[in-house]
Amino acid sequence: MNTNNTKKTAEVTIIRNGPIKVTGNFTITDIDNCILKPNNPEEIYLCACGRSQNKPYCDGSHKK
């Protein structure tokens, strides 16, 4: 739920054999309902392969 007046807009791009790219104005909430604060909050890459040691973010493990 968006509790402030800023409209959330994001673009999600599925990259073949790679991560999921998310850009725009968005919030990421984990399974415990805690808001995650990425280093670059306007562009992130989420792990799609399950191998990342930095989940939910991609660390390039899919390249191995």
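The basis for the numbers below is simple: all heavy atoms, side chains too, and nothing from hydrogens, waters or symmetry mates.
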Quick one: do Val12 and Ile15 end up in the same hydrophobic cluster if we chain Ile, Leu, Val, Met, Phe, Trp and Tyr together by side-chain heavy atoms under 4.5 Å apart?
-> no

For the hydrophobic clusters of this structure (ILVMFWY residues joined by side-chain heavy atoms under 4.5 Å, transitively), does one cluster hold both Leu46 and Ile14?
-> yes

Please examine the side chains of Asn39 and Tyr57, heavy atoms only from C-beta on, and report whether any two atoms are closer than 4.5 Å.
-> no

Quick check: are there more than 12 heavy atoms from other residues, nucleotides or ligands sitting under 6.0 Å from CD of Glu42?
-> no

Provide the full list of salt bridge (Lys or Arg N to Asp or Glu O under 4.0 Å) pairs with a residue in residues 26-40, sequence neighbours left out, each pair given once.
-> none

Validation: residues 17-27 side-chain donor-acceptor distances under 3.5 Å, sequence neighbours left out:
| unit_1 | atom_1 | unit_2 | atom_2 | d |
| --- | --- | --- | --- | --- |
| Asn25 | ND2 | Lys7 | O | 3.0 |
| Thr27 | OG1 | Lys8 | NZ | 3.1 |

Pairs meeting criterion salt bridge (Lys or Arg N to Asp or Glu O under 4.0 Å) with involvement of residues 48-64, two or more places apart | none

Which heavy atom in Gly60 sits nearest to a heavy atom in Cys58, and how many Å separate them?
-> N-SG, 3.3 Å

Taking everything shown except Asn40 itself, do over 12 heavy atoms lie less than 6.0 Å from its CG?
-> yes

